[in-house]
Amino acid sequence: MSELIDRIPGSESVRARIRGITDTTLQLKARQRLSGRSGQLGYVIGGAPGWDYEASIPVTSGSYDIAEFRITVTGDGTQKFPIVIPELDVRINGTGEANRMVFSPGSHGYAFDSATLSVTAIDYGAPVDDLYEDELKSAWTLRIMYMGVGVSSTMALRIKLRAQASCGGSVAVVRVV
């Protein structure tokens with residue numbers, strides 16, 4: 001291609017334009033390491049591949065039960081009081097998109113319903129107050145209310161946590177109730 005460009009009158013300006021287009025394309029495709037004006041590095045924190053919490057939970061027909069989980073992100077120590085924004089993925093009785101708890105505008109919360117199971121999130125990522133003064137840890141609560149519809153059985157619950165943060169770190173999901 002450079003031979004064709006060499007034959008064009010004013011080829012120096014054509015080369016400069018092509019070089020400029022190439023540089024602009026590379027800049028657009030390059031990974032953004034800084035966010036906005038702040039110059040703050042952003043990190044994605046997640047657990048090991050797979051789910052951070054998996055359990056089979058007994059479900060009673062006609063009676064609501066509650067399960068509560070503490071979702072914790074611990075900073076790596078490079079920054080005190082890191083900014084952390086959690087993102088939860090909660091799936092019930094499978095790993096497909098149809099098994100995901102989704103936001104229901106009618107109830108103003110997250111829910112999952114099937115022919116034999118009803119699950120509603122009472123708290124879906126509510127901050128935990130007792131860790132506000134901890135320099136490295138941030139935590140949230142996931143509290144779900146579940147009931148069998150016509151049958152008693154078990155529910156396969158899977159939770160995955162990812163977080164956007166201002167430093168690296170680790171995640172943990174623990175059932176507390």
Side-chain angles (χ1 to χ4, degrees), residues 35-36 38 40-77 79-177:
S35 62
S38 68
Q40 175 70 49
L41 285 172
Y43 296 85
V44 176
I45 302 173
W51 300 97
D52 296 316
Y53 182 87
E54 287 187 79
S56 182
I57 299 173
V59 176
T60 306
S61 175
S63 173
Y64 276 107
D65 290 311
I66 292 179
E68 183 177 327
F69 303 88
R70 179 172 274 199
I71 291 119
T72 307
V73 175
T74 304
D76 61 6
Q79 180 184 21
K80 291 182 180 181
F81 301 105
I83 298 167
V84 181
I85 302 168
E87 177 186 327
L88 291 173
D89 184 0
V90 181
R91 309 243 177 158
I92 297 160
N93 291 341
T95 58
E97 286 300 310
N99 303 96
R100 181 187 294 232
M101 285 189 79
V102 295
F103 185 75
S104 172
S107 66
H108 303 288
Y110 284 83
F112 171 84
D113 289 307
S114 70
T116 60
L117 182 64
S118 176
V119 182
T120 302
I122 301 166
D123 289 318
Y124 196 91
V128 173
D129 298 349
D130 61 345
L131 287 179
Y132 280 164
E133 294 183 21
D134 193 301
E135 292 181 349
L136 297 178
K137 289 185 180 181
S138 298
W140 298 266
T141 298
L142 170 65
R143 186 178 299 125
I144 60 171
M145 184 170 60
Y146 55 94
M147 175 179 71
V149 179
V151 296
S152 294
S153 62
T154 59
M155 163 179 66
L157 178 68
R158 292 174 178 88
I159 301 172
K160 181 68 179 169
L161 170 64
R162 288 177 206 82
Q164 297 288 328
S166 57
C167 70
S170 60
V171 299
V173 178
V174 177
R175 184 171 180 177
V176 292
V177 173

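These values consider heavy atoms only, across backbone and side chains, with no hydrogens, waters or symmetry-generated copies. On a predicted model such as this, the values are computed, not experimentally measured, just so you know.
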Fill in: Minimum heavy-atom distance between Asp113 and Val119, given as atom pair plus value
OD1-N, 4.1 Å

Fill in: Inter-residue atom distance Lys80.NZ - Ser166.OG, 0.5 Å rounding
14.0 Å

Worksheet item: If you look at every heavy atom in Thr154 and Ser56, which pair is closest and at what distance?
Response: CB-OG, 3.6 Å

Fill in: Nearest heavy atoms of Ser138 and Leu131, plus distance in Å
C-CD1, 4.4 Å

Item to complete: Give me the ring orientation class for Tyr124 and Tyr110: parallel if the planes are under 30° apart, tilted from 30 to 60°, perpendicular past 60°.
Response: parallel

Worksheet item: Measuring from Ile92:CD1 to Ile144:CD1, what's the distance to the nearest 0.5 Å?
Response: 5.5 Å

Practice prompt. Take atom CD1 of Ile122 as the centre, draw a 6.0 Å sphere, and report whether it contains more than 12 heavy atoms from other residues, nucleotides or ligands.
Written response: yes

Fill in: Heavy-atom pair of closest approach, residues Ala165 and Ile45
CB-CD1, 3.5 Å

Item to complete: Please report the shortest heavy-atom distance between Cys167 and Pro82, naming the atom on each side.
Response: SG-CB, 3.5 Å

Fill in: Note, Trp140 side chain near Val84 side chain (heavy atom, < 4.5 Å)
yes

Practice prompt. For residues Thr141 and Ile71, report the shortest heavy-atom separation together with the two atoms involved.
Written response: C-CD1, 4.4 Å

Worksheet entry | Thr72 vs Val174 side-chain heavy atoms within contact, under 4.5 Å | no

Discussion item. Under the criterion side-chain contact (heavy atoms from CB on, under 4.5 Å), I'd like the reasoning laid out for Leu157 against Glu54: C-alpha separation, chi angles, the key distance, then a yes or no.
Written reply: CA-CA 6 Å; Leu157 178 68; Glu54 287 187 79; over 6 Å; no

Discussion item. Are the side chains of Leu161 and Pro86 in contact, using a 4.5 Å heavy-atom criterion?
Written reply: yes

Discussion item. Once rounded to the nearest 0.5 Å, what's the spacing between atom OG1 of Thr120 and atom OH of Tyr64?
Written reply: 5.5 Å

Worksheet item: Looking at CZ of Arg175 and CZ of Phe69, how far apart are the two atoms once the value is rounded to the nearest 0.5 Å?
Response: 5.0 Å

Discussion item. Using a strict threshold of under 4.0 Å (side-chain N to carboxylate O), is an ion pair present between Arg91 and Glu97?
Written reply: yes

Practice prompt. Would you please name every residue forming a ring pair (Phe, Tyr, Trp, His ring centres under 6.0 Å) with Tyr132, sequence neighbours left out?
Written response: none

Practice prompt. Report the distance from atom OG1 of Thr95 to atom CG of Asp89, rounding to the nearest 0.5 Å.
Written response: 10.0 Å

Worksheet item: Do the non-hydrogen side-chain atoms of Leu88 and Ile159 ever get within less than 4.5 Å of each other?
Response: yes

Worksheet item: How many angstroms lie between atom CG of Asp134 and atom CZ of Phe81, to the nearest 0.5 angstrom?
Response: 7.5 Å

Discussion item. Here's a test for you: under side-chain contact (heavy atoms from CB on, under 4.5 Å), which of Arg100, Lys160, Arg158, Met101 qualifies with Val90?
Written reply: Met101

Worksheet item: Under the side-chain hydrogen bond (donor to acceptor under 3.5 Å, both in side chains) test, which residues partner Arg143, sequence neighbours left out?
Response: Glu68, Asp123

